[in-house]
J.: 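Take this structure first; my questions come after.
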Amino acid sequence: MFTVLEEDPESRARRGVLRLRHGDVETPVFMPVGTNAAVKAITHLDLEEIGFGLILGNTYHVYLRPGLDLIRAYGGLHAFSGWRRNILTDSGGFQVFSLAPLRKIRDEGVSFRSHIDGSSHLFTPESVVEAQGVFGSDIMMPLDVCTPSGITRAEAEKALTMTSAWAGRSKKAWLGLPEAGRGGLFGIIQGNFFEDLRRRSAEEILGLDLPGVAIGGLSVGESPRRFAELLEFTSAMLPKEKPRYVMGIGTPEYILEAVGSGIDMFDCVFPTRIARNGCLFTSRGRLVLKREENRGLDRPPDPDCACPVCARYSIGYLRHLFKAREILGPMLATYHNLYYMKNFLEKVSDSIKKHTFLRFKKEFLELYGTID
RNA sequence: GGGGGCGUAGUGAAGCUGGUUAUCACGCUGGCCUGUCAAGCCGGAACUCGCGGGUUCAAGUCCCGUCGCUCCCG
C-alpha cells in the first residue's frame, strides 16, 4: 500500500507513494476536506484539474444526510458524488469531540443527537467501519476519542484506553468486510499531551498492524511549540514502512513542521474555510482580501502563484466579490488556496528529493512568516 | 390655498404615556478560523436626534415658529 521513495538525510522528512484503489498518491500529501461528499465551493472537476487524487469525506455527516441507504443504492460514495479518485473517510470521532454537548461516550460506542434534526443515534466501532464499507472508502478511519488540551491525565488515559479498545474492534469488523472493495483501515494514536500515554497508545495501535497510522488529538488548542514537540515525540515511535497521517493539520507552517517529523499525510478544513471567509495563502503569508488596503489593487493575489485565479483576477476584484457577497468569491479563493496547497506540497516533495528540505523550510518561512 | 404624515449614524428604520452612557439592520472597519453544526464567528468606529425658541428638575419624546420631503383635497 505504501512505499517510501526517498528519505531526507538531514531530517525525518520523506517522500513516498500510496497505492490506493483509485490511483497512486504521492506523499507528502494534503487532502482537502469534503465533509458532505463535497469539498465546499469547488467542483470535483476542478479538484482533478489541480491534481488532487485523495480527498476526505465524513462518516458522521454522510450517515446523517443523505443516509447509508441512499449511498448503498448508488453503489458507494464515488458513484454518488462523481469523484473518481480516492476518498478517505473520517469516522466521526472528531464530531464526537466537537459536538460534545450532544453526545455520551460509553464502552459500547457513542450515542449522540443529530445536529440537523435532533434525532438520536448510536455509533459503535463496528457500525462506523460498516458504514465506510458501504461508502467504498479507499482509506477508513476507526472511531476514536479525541480530547482537548488541558484535560487531566486520568481523563486522557480513559480516552486512550477506549480508543485502543475501539481500534481492536474496528479491525475485527474491517476484516469481516468483503476483501474485494475493502479500503485500508488506519489506527489512530491518542494520549493527549502526556508522553507516556502517547507511547502507550502508539504501542497498542501499532500492535494491531493496520495498513496506516494516524496521530489524532493534536491542534486542539495547544501552542505551536507544544504541537511540534509532541508530534516529533510520537512520530519517532512509528515504523518507517507505514504511512503516517496527522489529522487536522493544514497551514504551511504546521505542515513543514510535521513533514520534518516524518509525516506523510495531512487534511484540514483551514485552506478551504479561510478561503470562503476571504483569506488567501500567498508566498508572503496570508492575504486578507476584505481589508481596505486591498480596495482597487490591480495585481494578482500571489505573484509567485501559477494558478488560473492569480493569472486572471486582481486582488481588488476578488475583494469586491467578497464585499458584494458574490458566490464567485469563495469559489475563486477556494480554488486558489487548494492550488496553493497542492503546489506547496509538491515543492516540499521536490526539496526532499533533492535533499534540501531544511533549506527549503527555512527560506519558505523567511518569506511567509514563522510558526509562532 | 386647506388638511395630514415624516424629518434620529453612510442607508433604512426603532424609540409607547418625557427620566441614567439614543437602539436595530445593512454598510464601513479590525481580528479569528487547523480529522467543517462554519459563504461563519467575535470585536470596533460612526448619529446628540432638520433648524430656532419655549415648557420642565429633566425633551429625540410635549408646545410654538421655521425649513425640507411627502400624501390627500381644491
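Chain naming here is simple, since letters A, B, ... match the order of the sequence lines and numbering starts at 1 in each. These numbers come from the heavy atoms of this one structure, side chains and all, not from hydrogens, waters or symmetry mates.
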J.: For A/R103, which contact category applies under a 4.0 Å heavy-atom criterion: base, sugar-phosphate, or nothing?
T.: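 No contact.
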J.: Once you apply a heavy-atom cut-off of 4.0 Å, does A/T272 come out as touching a base, just sugar-phosphate, or nothing?
T.: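 Counting heavy atoms under 4.0 Å across all strands, the contact made by A/T272 includes a base.
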J.: Between the protein and nucleotides 39-43 of chain B, which nitrogen or oxygen pairs are less than 3.5 angstrom apart?
T.:
residue : atom : partner : partner atom : Å
B/A39   : OP2  : A/R276  : NH1          : 2.5
B/G40   : N7   : A/N277  : OD1          : 2.7

J.: Taking it one step at a time, do A/R153 and A/D196 satisfy salt bridge (charged side-chain N to carboxylate O under 4.0 Å, His left out)?
T.: CA-CA 10 Å; A/R153 206 197 118 85; A/D196 60 321; 2.4 Å; yes
J.: Any side-chain N or O of A/Q95 less than 4.0 Å from the OP1 or OP2 oxygen of B/U36?
T.: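 For A/Q95, the contact criterion (side-chain N or O under 4.0 Å from OP1 or OP2 of B/U36) is met.
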J.: Answer yes if the ring centres of A/F344 and A/F364 are under 6.0 angstrom apart, and no otherwise.
T.: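 So the answer is yes for these two rings.
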J.: Would you measure the distance from the P atom in B/G27 across to the matching atom in B/U55 and give it in whole Å?
T.: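 These two P atoms come out 45 Å apart once rounded.
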J.: Apart from A/F233 itself, what residues make up its hydrophobic cluster when side-chain heavy atoms of I, L, V, M, F, W and Y under 4.5 Å apart count as a link, directly or indirectly?
T.: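 Listed partners: A/M237.
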J.: Expected output is a numbered-order residue list: members of residues 115-135 of chain A with a heavy atom under 4.0 Å from any atom of RNA chain B. What is it?
T.: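 Residues of residues 115-135 of chain A under 4.0 Å from RNA chain B: A/H115.
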J.: Compute the centroid of each ring, for A/H336 and then for A/Y313, and state whether the two points are separated by less than 6.0 Å.
T.: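 Between A/H336 and A/Y313, the centre distance exceeds or equals 6.0 Å.
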J.: I want to verify a distance call: between B/U29, B/G35, B/C33, whose nearest atom is closest to the A/K323 side chain?
T.: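 So the nucleotide nearest the side chain must be B/U29.
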J.: Touch check for A/N36, heavy atoms < 4.0 angstrom, all strands: base, sugar-phosphate only, or nothing?
T.: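 Since no nucleic acid heavy atom lies under 4.0 Å of A/N36, the category is nothing.
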J.: Can you tell which of B/G35, B/G30, B/C37 lies closest to the side chain of A/L99?
T.: B/C37
J.: Record whether the side chain of A/D144 comes under 3.5 Å of the base of B/G35 through a donor-acceptor pair of N or O atoms.
T.: yes
J.: Base, sugar-phosphate, or nothing: which does A/R286 touch, judged by heavy atoms less than 4.0 Å apart?
T.: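 Since only primed, P, OP1 and OP2 atoms lie under 4.0 Å of A/R286, the category is sugar-phosphate.
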J.: Just to be sure I understand the rule, does A/E293 reach a base, reach only the sugar-phosphate, or reach nothing, if contact means heavy atoms closer than 4.0 Å?
T.: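 Since no nucleic acid heavy atom lies under 4.0 Å of A/E293, the category is nothing.
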J.: Rounding to the closest angstrom, what is the interatomic distance between B/G43 and B/C24 at atom P?
T.: 12 Å
J.: Under 4.0 Å, counting only non-hydrogen atoms across every strand here, what does A/L218 touch: a base, just sugar-phosphate, or nothing?
T.: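 It contacts nothing in the nucleic acid.
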J.: Suppose you measure atom C1' in B/G60 against the same atom in B/A14; what distance do you get, rounded to whole Å?
T.: 12 Å
J.: On RNA chain B, does the nearest nucleotide to A/M247 precede the nearest nucleotide to A/R295 from the 5' side, or the other way round? Give the residue.
T.: A/R295
J.: Could you tell me whether A/F94 and A/Y60 have their ring centroids closer than 6.0 angstrom?
T.: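 No - the distance between ring centres of A/F94 and A/Y60 does not fall below the 6.0 Å cut-off.
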J.: Looking only at side-chain N and O atoms, does A/R291 come under 4.0 Å of OP1 or OP2 in B/G31?
T.: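 Yes, A/R291 has a side-chain N/O under 4.0 Å of OP1/OP2 on B/G31.
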